[in-house]
Number of protein chains: 2
Amino acid sequence: MESTTLILRALANEKRMKIMNWIVDPLAHFPKQIDGDLIDDGVCVGHITDKIKLKQPTVTSHMKILEEAGLVTSKKIKNWVFYKPDKKVLSKFIDDLSHLSQ
Amino acid sequence: MESTTLILRALANEKRMKIMNWIVDPLAHFPKQIDGDLIDDGVCVGHITDKIKLKQPTVTSHMKILEEAGLVTSKKIKNWVFYKPDKKVLSKFIDDLSHLSQ
DNA sequence: AACCTATATAGTAAGTTATCTATATTGATG
DNA sequence: CATCAATATAGATAACTTACTATATAGGTT
C-alpha cells in the first residue's frame, strides 16, 4: 500500500489520533517516567493504556498500526516499550498532502 | 464524529484519494465537458467512473463519502452531477494536522 | 407520451477493523 | 529460581467497508 494511505488509515481512527496528539507533546499529557525519558525515549504502553481506557492488548495493536505506518518508533528498556513520534515522517506526510489545497 | 477524523477516513482509501487528486486539477485529468465547466462546476460522475474503472454505483458511494466529509461539493445540471473540491475545507484540514509535526 | 441517459438506491458477499478475554513471553528482582 | 510486572500473541466476535448486480428515479429529447 502507498505510504500516504497507510498513514491516513492509521490516523483515521479517533483513538489512534488521540494517542498521536498526546505523544507529540508527552510532557503535557503523561507523568514523568522512572525508566525512559518522555522526550528522548517516548511514552510507555502502560501510560497510554491508562489514559485511553482501552485494554492493553488493544493499545498494543493500535501502537503497531502507528508504527507500521512509520508514525512512531519504539524502544524497549527493561520490560517497558516506549513509543515516540517520528516528526520527519509526519512533516513529509503533511507536505505531501498539502498539494490538495493549493 | 470529529471533522478531522471524517476527512481522514474519506482520504484513507486509495480510490478516493485518486479521485481527489484528479478533481483538484480537473483540466489535467478529464476531457472538456459540454454541460458543466470543469473548474466552475466540477467533474461529472460519469467521467470519474470511466477513469477509475469501478462501477457507477460504487463511484456514487465514494463521492458521497467525500461529500459527507466536506471535501467536495456537488451541483446537479440536467441529469449530471458535478463534483468539485472544497479548497477551504482542505486547507483547514491540512492546517489542523500540521501541529503534529511542529 | 415513450424513450434514453445519468445518477441513486437496495441488497448482498467478502474482506477488514476494533475490541475483548485468556494466555504466553520477557526481564527484573527478592 | 520463583515471582511479579509489562508487553505480546492468539482467538473470537461484532461492526464497518468496499465492491458488485439489479433496479428505481429523474430529466431531457424525440
Side-chain angles (χ1 to χ4, degrees), chain A residues 1-2 5-20 23 30-31 33-38 41-69 71-84, chain B residues 1-2 5-20 23 30-31 33-38 41-69 71-84:
Chain A
M1 190 177 341
E2 216 202 325
T5 306
L6 246 181
I7 294 177
L8 285 164
R9 287 172 52 159
L11 294 178
N13 171 288
E14 293 192 335
K15 304 289 171 55
R16 288 194 295 267
M17 187 52 128
K18 258 191 196 176
I19 293 171
M20 284 305 296
I23 70 176
F30 296 100
Q33 297 169 158
I34 294 149
D35 289 278
D37 183 79
L38 280 176
D41 304 308
V43 182
C44 77
V45 175
H47 284 162
I48 298 170
T49 301
D50 291 345
K51 197 171 170 73
I52 199 116
K53 283 172 191 151
L54 289 172
K55 298 299 171 187
Q56 171 266 315
T58 305
V59 173
T60 291
S61 142
H62 281 314
M63 297 316 294
K64 276 204 186 322
I65 288 165
L66 291 172
E67 190 170 25
E68 268 152 34
L71 290 168
V72 301
T73 55
S74 67
K75 173 193 286 192
K76 186 159 195 175
I77 301 176
K78 296 186 181 172
N79 46 354
W80 289 276
V81 177
F82 299 90
Y83 285 94
K84 74 169 178 178
Chain B
M1 189 178 340
E2 217 201 324
T5 306
L6 247 181
I7 293 176
L8 286 163
R9 287 172 53 163
L11 294 178
N13 171 288
E14 293 192 336
K15 305 289 171 55
R16 287 193 295 266
M17 187 54 127
K18 257 191 197 175
I19 293 171
M20 284 305 296
I23 69 175
F30 296 99
Q33 298 169 156
I34 295 149
D35 288 279
D37 182 80
L38 279 175
D41 304 307
V43 182
C44 78
V45 174
H47 284 161
I48 298 170
T49 301
D50 291 346
K51 197 171 172 72
I52 198 115
K53 283 172 192 152
L54 290 171
K55 298 299 170 185
Q56 170 266 315
T58 305
V59 173
T60 291
S61 141
H62 280 314
M63 296 316 294
K64 275 205 185 323
I65 289 166
L66 292 172
E67 189 170 26
E68 268 152 34
L71 290 168
V72 301
T73 55
S74 67
K75 173 193 287 194
K76 187 159 195 175
I77 302 177
K78 296 188 182 169
N79 47 354
W80 289 276
V81 176
F82 299 90
Y83 285 95
K84 73 171 180 177

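Chain letters run A, B, ... following the sequence lines, proteins first, then strands; residues in each count from 1.
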(request) Calculate the interatomic distance between A/E14 atom CD and D/dA15 atom P; express it in whole Å. (result) 18 Å
(request) Compare side-chain N and O positions of B/T58 against OP1 and OP2 of D/dC20 and report whether any pair is under 4.0 Å apart. (result) yes
(message) Can you measure A/N13 atom CG to D/dC16 atom P for me and round it to whole angstrom units?
(response) 13 Å
(request) Check whether any side-chain N or O of B/E14 sits under 3.5 Å from a backbone N or O of A/E2 as a donor-acceptor pair, and report yes or no. (result) yes
(request) Look at the side chain of A/K55 and decide which nucleotide, out of C/dT21, D/dA26, D/dT9, has an atom nearest to it. (result) C/dT21
(request) Return yes if the base of C/dT5 and the side-chain atoms of B/N79 contain a donor-acceptor N/O pair under 3.5 Å, otherwise no. (result) yes
(request) Verify the neighbour count for atom NZ of A/K18: are there more than 12 heavy atoms of other residues, nucleotides or ligands below 6.0 Å? (result) no
(message) Can you identify which nucleotide, out of D/dA10, C/dT19, D/dT7, has its nearest atom closest to the A/P57 side chain?
(response) D/dA10
(request) Report the distance from atom CD of B/Q33 to atom C1' of C/dT7, rounded to the nearest whole Å. (result) 15 Å
(request) To the nearest Å, give me how far apart NZ (B/K53) and P (D/dC20) are. (result) 13 Å
(message) Of the options D/dT7, D/dA19, C/dT19, whose atoms approach the side-chain atoms of A/V45 most closely?
(response) D/dT7
(message) On a heavy-atom basis, which atom in B/D41 and which in B/F82 lie closest, and how many Å separate them?
(response) O-CB, 3.3 Å
(request) Grab the NZ-C1' distance between B/K18 and D/dT18 for me, whole Å please. (result) 15 Å
(request) Tell me whether the OP1 or OP2 atom of D/dT9 has a side-chain N or O from A/K64 closer than 4.0 Å. (result) yes
(message) Quick check: any donor-acceptor pair below 3.5 Å linking the side-chain of A/Q56 to the base of D/dA6?
(response) no
(request) Could you check which of D/dA8, C/dA8, D/dT7 has an atom nearest any side-chain atom of A/W80? (result) D/dT7
(request) Starting from P on D/dC16, measure out to NE2 on B/H62 and report it in whole angstrom. (result) 18 Å
(request) Could you tell me the separation between the CD1 atom of B/I65 and the OG1 atom of B/T60, rounded to the nearest 0.5 Å? (result) 11.0 Å
(request) Verify the contact: side-chain N or O of B/H47 to OP1 or OP2 of C/dA6, cut-off strictly under 4.0 Å; return yes or no. (result) no
(message) Please report the distance, rounded to the nearest Å, between CG in A/D35 and C1' in C/dG27.
(response) 12 Å
(request) State which of C/dA8, D/dT7, D/dA19 makes the closest approach to the side chain of B/K15. (result) D/dA19
(request) Could you point out which residue of A/V43, A/N13, A/I48 forms a side-chain contact (heavy atoms from CB on, under 4.5 Å) with A/I19? (result) A/I48
(message) As a test of reading the structure: which of D/dC20, C/dT7, C/dC20 is closest to the side chain of B/T60, going by heavy atoms?
(response) C/dT7
(request) Would you mind reading off the distance between A/I48 atom CD1 and C/dT19 atom P, rounded to a whole angstrom? (result) 14 Å
